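Quick notes on the structure that follows.
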Amino acid sequence: MSRIRTQVCIVGGGPSGLLLGQILHRAGIDTRILERRPRAHVLSRIRAGVLEGGTVDMLRRAGVGDRLAREGFVHTGTRVASRDRAFRIDFAESAGKPVTVYGQTEVTQDLYDARDASDAAPVIHGVEGVTIHGADTDVPHVTYDAGGTAHRIDCDWVVGCDGFHGVSRRTIPEAVRTEVERVYPFGWLGVLSETPPVDHELIYANSPRGFALASMRNENLSRYYVQAPVTDRAEDWPDDRFWDELRRRLPADAAETLVTGPSIEKSLAPLRSFICEPMRWGRLCLVGDAAHIVPPTGAKGLNLAVSDVHYLSEGLIAACGGEAEGMDRYSDRALARVWKAVRYSWWFTTLMHRYPDDTAFHQKMQEAEIAYLDGSPAARTVFAENYVGLPF
Ligand SMILES: Cc1cc2nc3c(=O)[nH]c(=O)nc-3n(C[C@H](O)[C@H](O)[C@H](O)COP(=O)(O)OP(=O)(O)OC[C@H]3O[C@@H](n4cnc5c(N)ncnc54)[C@H](O)[C@@H]3O)c2cc1C
C-alpha cells in the first residue's frame with residue numbers, strides 16, 4: 001500500500017472540493033483531492049448557472065475571477081410571470097447588487113486550470129472504495145484504490161465534498177447525524193440548445209400547466225426547463241414536444257419570439273430539500289451537496305457550496321495555524337446560512353409549481369402572491385435580497 005501525508009484530504013473534485021483546495025493552497029496548506037470520476041466527466045456536468053455576488057467575490061479572491069469577469073453576464077433583474085401577469089424584479093433597486101450568469105462547467109474549468117498552473121498536487125481521478133478512518137480521533141486517514149493499487153493518506157482533516165451520493169456523510173454515525181428531507185412530487189426537464197436566449201434576463205413562469213424557466217449560459221446557448229412528472233424520462237420528451245410545452249408556459253411575448261433548435265443536452269432532475277446536521281464530526285467536515293440539497297428554483301445549490309467553503313476555509317486556515325475555535329463554529333455558521341437558503345428555495349418552489357393535489361384555490365393563492373410581489377416594494381426586496389444572496 002502506498003502511503004503519503006497531507007494536511008487536508010478532500011474527497012470529491014467538484015466545485016466545492018476544487019475551490020476549497022485552491023483557497024487552502026494559496027494559504028500554504030497542503031491538500032490532496034480524490035475524485036471518483038474522470039476529469040472530462042466532471043467538466044461536462046451541466047448544472048448551476050447563476051452566481052451570487054458573494055460567490056463571485058470568493059472566486060475572485062481565490063484567483064479564479066479573470067475569465068468570469070470577462071465572460072460572465074451581469075444580470076440586474078429577473079422576470080416573474082403568472083397566467084395574466086409578467087413583471088420584472090430589479091435586483092439593483094431592491095437589493096443593491098446583481099447576480100452573474102456563468103455556468104458551473106466554466107467555474108469548474110477555471111478551478112482545474114488554476115490547480116494545474118500551481119504547484120499543488122494534481123487532483124487524483126478514478127479513485128474507488130474511498131473510506132474515511134478515525135474521523136473521531138486526532139489522526140484520521142483515508143484509504144482508496146486507484147490503478148489497481150491500494151493507497152493511504154494520513155492527514156489532519158478530512159473534508160467531504162463528494163456530493164449527495166458520496167461516502168463522507170455516511171461516515172458520520174447515524175446516532176450523531178440528523179437528516180431532514182422533503183422530496184417534491186415533480187422534476188425539472190432541462191434542455192440546453194445552441195440558440196439565442198429568449199430574453200436577456202431569466203424568466204420564471206408560473207403556469208396552470210406547470211412551472212417553466214428560461215435561462216441561459218451565453219448569447220448563443222440557452223438553458224430551458226419545464227416542470228415534468230418525476231417518473232418521466234428524457235426520451236419521453238422529443239425536442240418538438242419540449243418546445244411546444246415551453247411555449248405554452250412562457251408569457252405570450254416570450255413564447256412568440258422563442259428561437260428553437262436541436263437540444264444538445266436533455267435531462268430530468270428530481271427536486272428535493274435535504275439537510276444533514278451537524279456538518280462536522282470530529283476531524284471530518286461536510287461541504288456543499290454532501291450536506292444539503294435544495295431544489296434549483298432559487299439557484300442556491302452551488303452558491304451554498306461556496307459559502308460553506310468560505311466558513312470552512314477560514315476555520316481550517318486558523319486551525320492549521322494552531323487556533324481551533326473556527327473549526328468548532330464551522331457547522332453552526334454554515335448551517336445558519338444554509339437553513340435560510342433552504343427556506344427561500346422551498347418558498348419559491350412552492351409558489352411556482354403545480355402539485356398533484358392542487359385545487360383551484362392553490363392556483364389562486366399563487367397568483368395572488370405573485371400579484372403581491374409585483375405590487376409591493378417590500379415583497380420585491382424580500383425576494384431580491386434572497387435571490388442575490390444573503391451576506392456571509
Ligand atoms: C441537474 C442539476 C441542476 C442543478 N442546477 C442548479 C442551478 O441552476 N443553480 C444552482 O445553484 N445549483 C444547481 N444545482 C446544484 C449544484 O450543481 C450543486 O449544488 C453543486 O454541484 C454542488 O457542488 P459540490 O462540489 O458540493 O458537489 P458535486 O458537484 O456533486 O461534486 C461532488 C464530486 O464528488 C465526487 N464523488 C462522489 N462520491 C465520491 C467518492 N466516493 N469518492 C470520490 N469522489 C466522489 C463526484 O464525482 C463529484 O465530482 C443543480 C444540480 C443538479 C444535479
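None of the values given here were measured: they were computed from a predicted structure. Just so you know, ligand 1 is whichever comes first in the structure, and atom 1 is the first atom listed for that ligand.
Cation-pi geometry between K300 and F348 is not satisfied (NZ or CZ under 6.0 Å from the ring centre, within 45° of the ring normal). Figure legend: cation-pi geometry between R36 and Y144 absent, as NZ or CZ is not positioned both under 6.0 Å from the six-membered ring centre and within 45° of its axis. The cationic group of R241 lies under 6.0 Å from the six-membered ring centre of W237 and within 45° of the ring axis, placing it in a cation-pi geometry.
Close contacts between ligand 1 and L302 involve ligand atoms 10 (C), 11 (O), 12 (N), 16 (C), 19 (O) [criterion: under 4.0 Å to a heavy atom]. Residue contact check: Q104 has heavy atoms under 4.0 Å from atoms 16 (C), 17 (O), 20 (C), 21 (O), 29 (O) of ligand 1. Proximity to R37 (heavy-atom distance under 4.0 Å) selects the following atoms of ligand 1: 47 (O). Of all atoms in ligand 1, numbered sequentially from 1 with element shown, those under 4.0 Å from a heavy atom of G166 are 38 (N). Short contacts between ligand 1 and L34, defined as distances under 4.0 Å to a heavy atom of the residue, involve ligand atoms 43 (C), 44 (N). Of all the atoms in ligand 1, the ones that sit under 4.0 Å from a non-hydrogen atom of G288 are 26 (O). Heavy-atom proximity to A269, at under 4.0 Å, picks out these atoms of ligand 1: 1 (C). Numbered from 1 in the order shown, with element, the atoms of ligand 1 that lie under 4.0 Å from a heavy atom of C161 read 32 (C), 33 (C), 34 (O).
In this comparison of H165, R223, R36, the heavy atom closest to atom 45 (C) of ligand 1 sits on R36. Counting only non-hydrogen atoms, the option in R47, R39, E128 that gets closest to atom 30 (O) of ligand 1 is R47. Ranked by closest heavy atom to atom 18 (C) of ligand 1, the top entry among D289, V294, D308, L51 is D289. The closest non-hydrogen atom to atom 15 (C) of ligand 1, taken over G301, P295, S345, comes from G301.
When heavy-atom distances to ligand 1 are checked against a 4.0 Å cut-off, H41 has no atom that comes that close, whether in backbone or side chain. With a 4.0 Å cut-off on non-hydrogen atoms, L304 does not touch ligand 1 at all. By the criterion of a heavy-atom distance under 4.0 Å, both the backbone and the side chain of P15 are placed next to ligand 1. Counting heavy atoms closer than 4.0 Å to ligand 1, residue V130 contributes side-chain atoms (C-beta onward) but none from N, CA, C or O.
At the shortest separation from atom 10 (C) of ligand 1 among protein heavy atoms lies A48 CB, 3.1 Å. For atom 46 (C) of ligand 1, the closest heavy atom belonging to the protein is E35 OE2, 3.5 Å. Looking at atom 41 (N) of ligand 1, its nearest protein heavy atom turns out to be V167 CG1, 3.9 Å. In terms of protein heavy-atom proximity, atom 48 (C) of ligand 1 is nearest to R45 NH2, 3.2 Å. What sits closest to atom 39 (C) of ligand 1 on the protein, heavy atoms only, is D162 CB, 3.7 Å. The nearest protein atom to atom 31 (O) of ligand 1, hydrogens excluded, is given as G14 CA, 3.7 Å; this is a heavy-atom distance.
Remark: distances from the non-hydrogen atoms of V50 to ligand 1 are all 4.0 Å or more. Contact between K300 and ligand 1 is present, with at least one heavy atom of the residue lying under 4.0 Å from the ligand.
Separation of the Y225 and F211 ring centroids does not fall under the 6.0 Å cut-off.
Judged purely by atom type and a 3.5 angstrom limit, S345 has no side-chain atom pairing as donor or acceptor with the backbone of V342.
Ion pairing of R79 with E201 is absent here, as no side-chain N (NZ or NE/NH1/NH2) approaches a carboxylate O to less than 4.0 Å. Using a cut-off of 4.0 Å between Lys/Arg side-chain N and Asp/Glu carboxylate O, R5 and D156 are scored as salt-bridged. Salt-bridge annotation for R223 and E265: present, with a side-chain N of the basic residue lying under 4.0 Å from a carboxylate O of the acidic one. Salt bridge annotation for R39-D116: present, with a cationic side-chain nitrogen under 4.0 angstrom from a carboxylate oxygen.
Two residues are said to be in side-chain contact when any heavy atoms from C-beta on lie closer than 4.5 Å; V8 and T31 meet this criterion. Within the 4.5 Å cutoff, the side chain of V142 has no heavy atoms near those of the R152 side chain. Side-chain contact between M352 and Q227: absent, with no pair of heavy atoms (C-beta onward) separated by less than 4.5 Å.
Backbone and side-chain nitrogen or oxygen atoms of S16 are examined, and one is located within less than 3.5 angstrom of a nitrogen or oxygen of ligand 1. For a threshold of 3.5 Å applied to N or O pairs, the pair formed by A305 and ligand 1 contains no separation below that value. Distances between N or O atoms of Y225 and those of ligand 1 include no value under 3.5 Å. For N303, no nitrogen or oxygen atom sits less than 3.5 Å from a nitrogen or oxygen atom of ligand 1, counting backbone and side chain alike.
Taking CG of D113 as the reference point, atom OG of S118 lies at 11.0 Å (rounded to 0.5 Å).
Counted within 6.0 Å of CD on E181, heavy atoms from surrounding residues, nucleotides or ligands total more than 12; the atom is thus considered enclosed.
A donor atom on one side chain and an acceptor atom on the other are not found under 3.5 Å apart for Q104 and R217.
Under the side-chain hydrogen bond (donor to acceptor under 3.5 Å, both in side chains) criterion, R45 pairs with no residue at all, not counting sequence neighbours.
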